[in-house]
Chemist: 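If you scroll down you'll find the structure; I have some questions about it.
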Amino acid sequence: MTEYTLNDLAQLVASRAGTSPDQSYTAKLLADGPAKAAKKLGEEAVEAAIAAVQGDRAGLTAEAADVLYHLVVLLQAGGVSLDAVMAELQRRTAQSGLAEKAARRHT
Ligand SMILES: N=c1c2ncn([C@@H]3O[C@H](COP(=O)(O)OP(=O)(O)OP(=O)(O)O)[C@@H](O)[C@H]3O)c2ncn1[C@@H]1O[C@H](COP(=O)(O)O)[C@@H](O)[C@H]1O
């Protein structure tokens, strides 16, 4: 199992903020503002979905990596920490997804 984590990626992305867009794709995305990163995330998500439906495992692996990278960039652009997202996911472990969905339907 790889030792590389999303936290490592988030730190790398954060380290690129404010650096030269000529030297770094991440810096360029961040300099372009959240709308560009959001557009890229949407595109990569669609490509990942298509690869999954086609049974293209190599494609899904590559597109999923693009999705995670662009999501981490969007979090950086939006001022939300990966830790906050993980805390939200941890909070959700207290309830099953089906139970949460059912509770929402009755409110
Ligand atoms: N993980 C990634 C990563 N995944 C995908 N990408 C880039 O995301 C882009 C994917 O978009 P497309 O396939 O649509 O390519 P494109 O047509 O060139 O994109 P656009 O011109 O539309 O922006 C490509 O340019 C990829 O290189 C990434 N760029 C950077 N990283 C990580 O960030 C680190 C720092 O990179 P720099 O910021 O460039 O120094 C790298 O060492 C990697 O670890």
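We count ligands from 1, going down the list as the structure has it; atoms in each ligand are counted the same way. In this chain, numbering begins with 1 at the start of the sequence shown.
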Chemist: Would you name the heavy atoms of Glu44 and Asp66 that are closest together and state the gap between them?
Modeler: OE1-OD2, 3.3 Å
Chemist: For atom 29 (N) of ligand 1, which protein heavy atom lies nearest, and how many Å away is it?
Modeler: Tyr69 CZ, 3.4 Å
Chemist: Find out whether Val72 and Gln76 are in side-chain contact, i.e. whether some heavy atom of one side chain is under 4.5 Å from a heavy atom of the other.
Modeler: no
Chemist: Looking at atom 40 (O) of ligand 1, what's its closest protein heavy atom, distance included?
Modeler: Arg16 NE, 3.1 Å
Chemist: For ligand 1, is Lys28 a contact, meaning one of its heavy atoms is under 4.0 Å away?
Modeler: no
Chemist: Are Leu68 and Tyr4 in one and the same hydrophobic cluster, where Ile, Leu, Val, Met, Phe, Trp and Tyr link if side-chain heavy atoms are under 4.5 Å apart?
Modeler: yes
Chemist: What protein heavy atom sits nearest atom 18 (O) of ligand 1, and how far off is it?
Modeler: Tyr25 CE1, 4.8 Å
Chemist: Any N or O of Glu43 that comes nearer than 3.5 Å to an N or O of ligand 1?
Modeler: no
Chemist: Which atoms of ligand 1 are found less than 4.0 Å from any heavy atom of Lys36?
Modeler: 23 (O)
Chemist: For Asp66, take its heavy atoms, then give the atoms of ligand 1 lying under 4.0 Å from any of them.
Modeler: 4 (N), 5 (C)
Chemist: Just to confirm my output: which protein heavy-atom neighbour is closest to atom 13 (O) of ligand 1, and how far is it?
Modeler: Glu44 OE2, 4.0 Å
Chemist: Among all the protein's heavy atoms, is there at least one whose distance to atom 21 (O) of ligand 1 comes out below 4.0 Å?
Modeler: no
Chemist: Atom NZ of Lys101 and atom CD of Gln95: how far apart are they, to the nearest 0.5 Å?
Modeler: 13.0 Å
Chemist: How close do Tyr69 and Leu9 get, heavy atom to heavy atom, and via which atoms?
Modeler: CA-CD2, 3.9 Å
Chemist: Yes or no, since that's all I need: does a protein heavy atom fall within a distance strictly under 4.0 Å of atom 1 (N) of ligand 1?
Modeler: yes
Chemist: Please identify which of these residues, Leu29, Val73, Leu71, Leu74, meets the side-chain contact (heavy atoms from CB on, under 4.5 Å) condition with Lys40.
Modeler: Leu29
Chemist: Using a strict 4.0 Å cut-off to heavy atoms of His70, name the atoms of ligand 1 that fall inside it.
Modeler: 8 (O), 10 (C)
Chemist: Kindly compute the distance separating CZ (Arg16) from NZ (Lys28), expressed to the nearest 0.5 Å.
Modeler: 15.5 Å
Chemist: Protein heavy atoms near atom 6 (N) of ligand 1, is at least one of them under 4.0 angstrom away?
Modeler: yes
Chemist: Go through the steps for Glu100 and Arg92 under the test side-chain contact (heavy atoms from CB on, under 4.5 Å), then give the verdict.
Modeler: CA-CA 9 Å; Glu100 188 277 333; Arg92 293 181 187 181; over 6 Å; no
Chemist: Side chain, backbone, both or neither: which part of Leu12 comes within less than 4.0 Å of ligand 1 when only heavy atoms are counted?
Modeler: side chain
Chemist: Return a yes/no value for Lys40: is any of its N or O atoms, backbone included, closer than 3.5 angstrom to an N or O of ligand 1?
Modeler: yes
Chemist: Checking the side chain of Ser24 only, and the main-chain atoms of Pro21 only, is there a donor and an acceptor separated by less than 3.5 Å?
Modeler: no
Chemist: Do you know the tightest heavy-atom contact between Leu60 and Ala51?
Modeler: N-CB, 3.5 Å
Chemist: So is Thr26 polar-close to ligand 1, meaning N/O to N/O under 3.5 Å?
Modeler: yes
